[in-house]
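These notes are about the structure you will find just below.
Keep in mind that the numbers below use all heavy atoms, side chains included, and drop hydrogens, waters and symmetry copies.
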Amino acid sequence: MTLTENKRKLFNIWEGIYDSWQDAEKNACGSGFGGDVYHQRSLTAAKECCHSLCEGIPIPQFHKQRSTLLPITVAMMLSNYENIKILDFGGGFGIGYMTLLESVENDMDSIDYTIVEVPEIIESASALHAGKVKYLSALPQSEQYNLVYVASSLQYIEHWANLLTDLAAYNSEYILLSDVFAGSNPAFVSLQNYYDSKIPHWFINFDELIEVLDSIGYKLKMKSYAGSRRLHFDDTLPMDNFPEQYRVKQTLHLLLQKKSVCKS
């Protein structure tokens, strides 16, 4: 075994099983996604995506792996809508938006794109898109959207069910949840190791998630497994350090449609 392989084996992305967010928070530490490490790595990734678009070459798959279904969903919706308003919760530096630029470039004038993010990200990210992406530091009031998009963010929200309820108030026809950490596992909170930080992280029970979505008026229309790379593992979550019943094999992409417009 090489030194690199040995380091991979010794490092765990997630550690600990906690019954509640509050219990996990007692052992959390570091600046997490508000720190310089996350900020600089995310900014670098976004600039690499911008460079790819400018050069007319594909955005690196690693950067857009959580956004693969967004262009397909939007392209489908464009056949029914003249204009589409999208709310991207936790959209970071706008890689979701850039995957649309790559895939549906000719229809971008028909797309209104809003990202909800923390102020630290907004300050740097808003300059990347020449004003074509609206950034907000809180969920907007009295707005309606055609698509609500949440990519790899739900697991970091303490009251994730309340967030989904708030997002449902926008009355969008579709909700697209990407890279969702949910399976047959009992729901629990763990701590994600991120450089010098330990960040609370939900592993949601899939049936509970679907019950919440049903209660707020949305029906599951499509479920697919998310292709991803983590810790040099492709398309699987490295969770061998957990008892088997708590392991989630792979994250999910979920497309929900408002029940009032579902045909079946």
Side-chain angles (χ1 to χ4, degrees), residues 21 25 32-34 38-39 42 46 66-67 69-70 73-74 76-78 80-101 107-180 200 202 204 208-221 254-262:
W21 189 271
E25 271 193 323
F33 299 127
Y38 173 76
H39 186 277
S42 298
R66 295 171 179 85
S67 303
L69 290 191
L70 179 61
T73 302
V74 171
M76 171 192 70
M77 294 179 66
L78 282 167
N80 296 319
Y81 291 88
E82 288 188 9
N83 297 284
I84 296 177
K85 289 185 67 176
I86 300 172
L87 180 68
D88 182 347
F89 179 85
F93 284 81
I95 290 180
Y97 176 77
M98 286 187 272
T99 63
L100 294 180
L101 277 173
D107 291 298
M108 291 306 292
D109 287 342
S110 301
I111 297 172
D112 181 293
Y113 205 96
T114 299
I115 293 176
V116 177
E117 258 300 347
V118 296
E120 295 86 351
I121 298 298
I122 292 175
E123 186 175 348
S124 298
S126 57
L128 290 174
H129 304 293
K132 294 181 179 179
V133 175
K134 182 188 298 181
Y135 273 90
L136 301 173
S137 60
L139 290 176
Q141 303 295 318
S142 304
E143 287 281 352
Q144 288 198 335
Y145 295 90
N146 306 110
L147 173 65
V148 169
Y149 177 52
V150 183
S152 204
S153 298
L154 205 61
Q155 67 270 24
Y156 300 118
I157 305 300
E158 178 180 1
H159 302 294
W160 58 266
N162 291 347
L163 171 66
L164 291 175
T165 300
D166 291 341
L167 294 175
Y170 295 120
N171 202 37
S172 63
E173 180 175 355
Y174 292 100
I175 294 177
L176 178 60
L177 306 177
S178 292
D179 198 36
V180 181
W202 273 109
I204 301 167
E208 180 183 350
L209 174 60
I210 296 304
E211 286 179 9
V212 169
L213 289 163
D214 181 75
S215 72
I216 60 176
Y218 283 85
K219 180 178 180 180
L220 180 66
K221 300 299 290 185
L254 305 174
L255 180 64
L256 296 305
Q257 187 177 28
K258 194 169 183 63
K259 288 193 287 186
S260 61
V261 296
C262 285

Got a sec, which residues hit side chain to side chain contact (heavy atoms under 4.5 Å, CB included) with [X], two or more places apart in sequence or on another chain?
X: Glu208; value: Trp160, Ala187, Asn205
X: Ala161; value: Val212
X: Ser153; value: Phe89, Val150
X: Asn171; value: Gln144, Lys258

Does [X] have any side chain to side chain donor-acceptor pair (under 3.5 Å) partners at least two apart in sequence or in another chain, and if so, which?
X: Tyr97; answer: none
X: Asp214; answer: Lys259
X: His39; answer: Ser124
X: Ser67; answer: Tyr149

Would you check if Leu213 and Leu177 make a side-chain contact, meaning some heavy-atom pair closer than 4.5 Å?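 In short, these two side chains touch, coming nearer than 4.5 Å.
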With a 4.5 Å limit on heavy-atom distance, are the side chains of Leu139 and Leu167 in contact? yes
So does Ile157 get a backbone contact from the side chain of Trp202, meaning a donor-acceptor N/O pair under 3.5 Å?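 Such a contact is found between Trp202 side chain and Ile157 backbone.
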For residues Gly94 and His129, report the shortest heavy-atom separation together with the two atoms involved.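 The answer is CA-NE2, 3.8 Å.
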The complete set of salt bridge (Lys or Arg N to Asp or Glu O under 4.0 Å) pairs with one or both residues in residues 134-161, sequence neighbours excluded, reads Lys85-Glu143
Non-neighbouring partners of Tyr145 that pass ring pair (Phe, Tyr, Trp, His ring centres under 6.0 Å), sequence neighbours left out: Tyr170
Those residues that, when tested against Tyr156, pass ring pair (Phe, Tyr, Trp, His ring centres under 6.0 Å) (two or more places apart):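 For Tyr156, the residues satisfying ring pair (Phe, Tyr, Trp, His ring centres under 6.0 Å) (neighbours in sequence not counted) are Phe33, His201.
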Met98 side, atom CE; Leu70 side, atom CG - distance, nearest 0.5 Å: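 So the gap between those two atoms works out to 12.5 Å.
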Return all side-chain donor-acceptor pairs below 3.5 angstrom for residues 110-119, not counting sequence neighbours, or 'none' if the list is empty.
from: Ser110; atom 1: OG; to: Glu82; atom 2: O; distance (Å): 3.4
from: Tyr113; atom 1: OH; to: Asp88; atom 2: OD2; distance (Å): 2.6
from: Glu117; atom 1: OE2; to: Gly92; atom 2: N; distance (Å): 3.0

Could you go through the side-chain contact (heavy atoms from CB on, under 4.5 Å) check for Leu100 and Met108 one step at a time? CA-CA 8 Å; Leu100 294 180; Met108 291 306 292; 3.9 Å; yes
